[in-house]
Amino acid sequence: MIKQKLKLIKEGKLTAEHNIRDYIEKIRKENPEMNIVLHINENAIEQAVELDKKIKQGEAGKLAGLGFLVKSVINVEGLICNCSSRVLENYKATYNATVIEKLLEEDAIVLGMVNCDEFACGATGEHSAFGVCKNPRSPKRVPGGSSSGSAAGVTAGFCDFSLGSDTGGSIRNPASHCGIVGFKPSYGKVSRYGLIDLAMSFDQIGPLAENIEDCRIVFDVIKGRDSRDTVTMDFKEKKNKKKISIGVPKINADEKIWKKIRGEIGRVCKENSWTWKDIEIKHIDLGIQTYYPIVYTEFFSGTRKFDGRKYGFKIEDACGEEVLRRILGGKEITKAEYAGRYYRKALAVRKILKQEFEKAFKKFDVLVMPTVPKLPHQIGEKISVEENYMYDACTVLANICEIPAISVPAGEIDGIPVGIQILAEKGEDDFLLDVAGEFEK
Ligand code: GLN
């Protein structure tokens, strides 16, 4: 879609103004019902008018005229970036995140900032201080999270693509529930500079879009080494292989979902003469127990800057329940007398899981499993904290292991979209996108 649209814009058959105006009008009209966009970029149309001059002179960038939405945890200069929290309710960003800088350099236009779970803490979109947004594909169900608005915004046709952040699944989970593609790159591929962090050793920014090709176009622009984020690096050349072997790890998920996933694996293997095999990855069921102590600890540490002096309100005074749970939990488990019992143990298990996945990638090119182990619940339905955390069981693994992972639509169950998740070795992001392409057809 993006490719065709860029062609139209380049040939003068569609102006940037027209594209952007259409989106802004649609958002103004439909958003009150959907609650996807928190803040519209009031200058977007004006920026598009200026851009059209540049396009006419043939001087515009690679993404000239496209409109995108940004999760409200990524700084866009001049726009309110409140992390869907009362804590930062009126906080206006004073600078651009590296990913934003790169997209603006290529002349894409920010349409607005979108809803998410507060400080990206959540898997359903229900933890926003400004209310959950609607899932356009299944209006009674949660859209997934935490990048709820980024996914719902694409599905609702509010943008050409969007940006989300993924600490333990927040790009892939809502992409799965909203029936679109969500891509979490390898840790270190995309700069986190300008991202308000949830857990710095897991966080990655990535694209959400209607299809894989669109995600790749955006990824190619935002990736790369950045001196302002020291974990970013240049990775080796892409793996190039035609005959793919797929490992299918044993992991707990709904019967119906597994059936769907297996059907897709069978189809793709048959069409391409690829092979697949059931495998057991040791300790794969410890993802949640490993992920949360690390998140609690890093989040607690990261939020100490929100003490009410420099930005907004003191976080403990103004945040919601889920954020408070993590702050108090993080404070508790990092106490000196517990040294080593939780955080260090989680780090030790993280290391073991990384090794187990490395072993698996010695035998298989990619791993395939469900994105989310259960269907999204109904908005308003009460579920326990434990159940809530179980939504993340299949996605946290990629963050724990720092590897790239993508969710691609795999059809519907009872009218609700379901995603299939494909994972590759660290640094093999392009290879992963190639392989995932076969699942999209
Ligand atoms: N649901 C997970 C959590 O609450 C993941 C969130 C995310 O990826 N930002 O931590």
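Counting starts at 1 for both ligands and their atoms, in listed order. Along the sequence shown, residues carry numbers from 1.
- Only the side chain of D392 comes within 4.0 Å of ligand 1, judged by heavy-atom distances.
- Within the listing of ligand 1, atoms 1 (N), 2 (C), 3 (C), 4 (O), 6 (C) sit less than 4.0 angstrom from a heavy atom of G122.
- Side chains of N19 and K5: a donor-acceptor N/O pair is present below 3.5 angstrom, by distance only.
- In terms of polar-atom proximity, defined here as any N/O pair under 3.5 Å, V295 makes no such contact with ligand 1.
- Donor-acceptor pairing under 3.5 Å is recorded for the side chains of D392 and Y292.
- Taking the centre and axis of the six-membered ring of Y391, the NZ or CZ atom of K374 falls inside the cone set by 45° and 6.0 Å.
- Near A123, the atoms of ligand 1 lying under 4.0 angstrom from a non-hydrogen atom of the residue are 1 (N).
- R228 CZ: more than 12 foreign heavy atoms inside a 6.0 Å radius.
- Contacts between Y292 and ligand 1 below 4.0 angstrom, taking non-hydrogen atoms only, involve the side chain exclusively.
- Close contacts of ligand 1 with D166, meaning ligand atoms under 4.0 Å from a residue heavy atom, involve 8 (O).
- Remark: minimum distance from atom 6 (C) of ligand 1 to any protein heavy atom is reached at S170 OG, 2.9 Å.
- At least one N/O-N/O distance between R326 and ligand 1 falls below 3.5 Å.
- The single protein non-hydrogen atom nearest to atom 10 (O) of ligand 1 is Y291 OH, 2.7 Å, given as residue, atom name and distance.
- The number of heavy-atom neighbours closer than 6.0 Å to CD of Q378, taken from other residues, nucleotides and ligands shown, is above 12.
- Residue contacts with ligand 1 for F202 are absent, since no atom lies close enough (heavy atoms, distance under 4.0 Å).
- If you number the atoms of ligand 1 from 1 as listed, the ones under 4.0 Å from a heavy atom of G168 come out as 5 (C), 7 (C), 8 (O).
- Under the 4.0 Å criterion applied to side-chain N and carboxylate O atoms, K239 and E428 are not assigned as salt-bridge partners.
- In summary, the side chains of S165 and D203 do not present any donor paired with an acceptor at a separation below 3.5 Å, with no hydrogens or angles considered.
- Heavy atoms of E322 found under 4.0 angstrom from ligand 1: none, in either backbone or side chain.
- To the nearest 0.5 Å, the span separating NE2 on H39 from NZ on K92 amounts to 10.5 Å.
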